[in-house]
Amino acid sequence: MKFKNKTIIVTGGARGIGASIVQYFLDEAAVVYVIDKKNPTEFNMINNENLFLVTGDVTNNNDVELFISDVMSESSSVDVLVNNAGILRDNVIWKLEEEDFDAVINVNLKGPWLMCRAVTSIMRKQNSGRIVNISSRSWLGNFGQSNYSASKGGLVSLTRTLALELARNNITVNAIAPGLIDTPMTRNLDPEIFKKLENTIPMKKAGHPEDIANLVGFLASDEAKFINGQVIHVDGGKSVGASIH
Ligand SMILES: NC(=O)c1ccc[n+]([C@@H]2O[C@H](COP(=O)([O-])OP(=O)(O)OC[C@H]3O[C@@H](n4cnc5c(N)ncnc54)[C@H](O)[C@@H]3O)[C@@H](O)[C@H]2O)c1
């Protein structure tokens, strides 16, 4: 019950990694507020009196501001923000449209920036807070993901900059860089491609949403209070380099 009655915000919490992060904090007796583009009826989630679901778009500043004022009308603090909402529009650069670049940058980078801007005034006043940004191993660069890699690299830079700006207020900002995780997003891939991707991972398997949620929980906990501005890879060893085995 490390997070009993703490206020946690999770973006994109309707399914996949986000839903697992939400479940982690509900299990720890926190009060969890979710903003997701999906309608609440589409949420892959149980009813829970500590869970508040709002349909909204993190790329839209009005939605973000309204959501945060809803949270503050119910709660006196924001203890943790998890920027998890993200999208993919993969292709080699010569086949990508400008709108594929804009859409991915907007959701994966502008969305977290708007959310961070909205919560930092609250966190600075309370002189505490935790922000965890879900980046991707692709921030290192990945074939066919010029838009996605740039958005996730930008998210790492945002993380490092906010870590500096907010440290004096006891607010930590860290990023998690997942490798291949088994979620609805990656299950949209051709099963053969999914298998091939698994084989490029030293551990020869995809991770599970809980592997990410457990680290979010740690970074948001008191045990992690001196970890700031870091990017932690959760990818079965893939970011270490190529393996011939
Ligand atoms: N699954 C992986 O292998 C993997 C790997 C690395 C990083 N990630 C990152 O982890 C995060 C979660 O990925 P996932 O696999 O669970 O994805 P997912 O597609 O299963 O879930 C993403 C959720 O975000 C929501 N969302 C999308 N756009 C939104 C918007 N504009 N406003 C509000 N909500 C929005 C969707 O409705 C959905 O519920 C993403 O940021 C993704 O880039 C995933």
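Atoms within a ligand are numbered from 1 in the order they appear, just like the ligands themselves.
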[X] heavy atoms, cut-off 4.0 Å: which ligand 1 atoms fall inside?
X	result
I181	1 (N), 2 (C), 3 (O)
L180	3 (O)
T186	1 (N), 2 (C), 3 (O)
Y148	6 (C), 7 (C), 8 (N), 9 (C), 42 (C), 43 (O)
G56	32 (N), 33 (C)
K38	37 (O), 39 (O)
S135	7 (C), 9 (C)
D57	30 (C), 31 (N), 32 (N)

Does K195 come within less than 4.0 Å of E198, counting only side-chain N to carboxylate O?
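Counted as a salt bridge, because a side-chain N and a carboxylate O are separated by less than 4.0 Å.
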Could you tell me whether R130 and D79 make a salt bridge, using a distance below 4.0 angstrom between a side-chain N and a carboxylate O?
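No.
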Hey, looking at [atom], which of [options] has the closest heavy atom?
atom	options	answer
atom 36 (C) of ligand 1	D36, N83, L88	D36
atom 28 (N) of ligand 1	V34, V10, I21, V107	V107
atom 1 (N) of ligand 1	L189, T183, V234	T183
atom 4 (C) of ligand 1	A14, G179, S20	G179

Got more than 12 heavy atoms from elsewhere within 6.0 Å of [atom1], [X]?
X	atom1	result
K238	NZ	yes
M203	CE	no
R89	CZ	yes
K196	NZ	no
E97	CD	no
I93	CD1	no
K2	NZ	yes

Can you check whether I212 reaches S20 side chain to side chain, under 4.5 Å on heavy atoms?
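When only atoms from C-beta onward are counted, S20 and I212 do not touch, as no gap falls below 4.5 Å.
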Side chains of M115 and L81: closer than 4.5 Å at any heavy-atom pair?
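In contact.
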Between [X] and ligand 1, is there a nitrogen or oxygen pair with a distance under 3.5 Å?
X	value
R137	no
K37	yes
V58	yes

No-hydrogen, no-angle side-chain donor-acceptor test under 3.5 Å, T172 and K225:
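No, no side-chain donor-acceptor contact under 3.5 Å.
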What protein heavy atom is closest to [atom], reported as residue, atom name and distance in Å?
atom	result
atom 40 (C) of ligand 1	N84 O, 3.1 Å
atom 6 (C) of ligand 1	P178 O, 3.3 Å
atom 27 (C) of ligand 1	I87 CG2, 3.9 Å
atom 44 (C) of ligand 1	I17 CD1, 3.7 Å
atom 22 (C) of ligand 1	G86 O, 4.0 Å
atom 24 (O) of ligand 1	G12 CA, 3.4 Å
atom 26 (N) of ligand 1	A85 CB, 4.0 Å
atom 20 (O) of ligand 1	R15 NE, 2.9 Å

Looking at ligand 1, does G111 have a heavy atom less than 4.0 Å from it?
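It does not; every heavy atom stays at 4.0 Å or beyond.
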Should L162 and L155 be counted in the same cluster of Ile, Leu, Val, Met, Phe, Trp and Tyr side chains packed under 4.5 Å apart?
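Per the 4.5 Å side-chain linkage, L162 and L155 are co-clustered.
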Angle between ring planes, H233 versus W139, binned at 30° and 60°: parallel, tilted or perpendicular?
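Parallel: the ring planes of H233 and W139 meet at under 30°.
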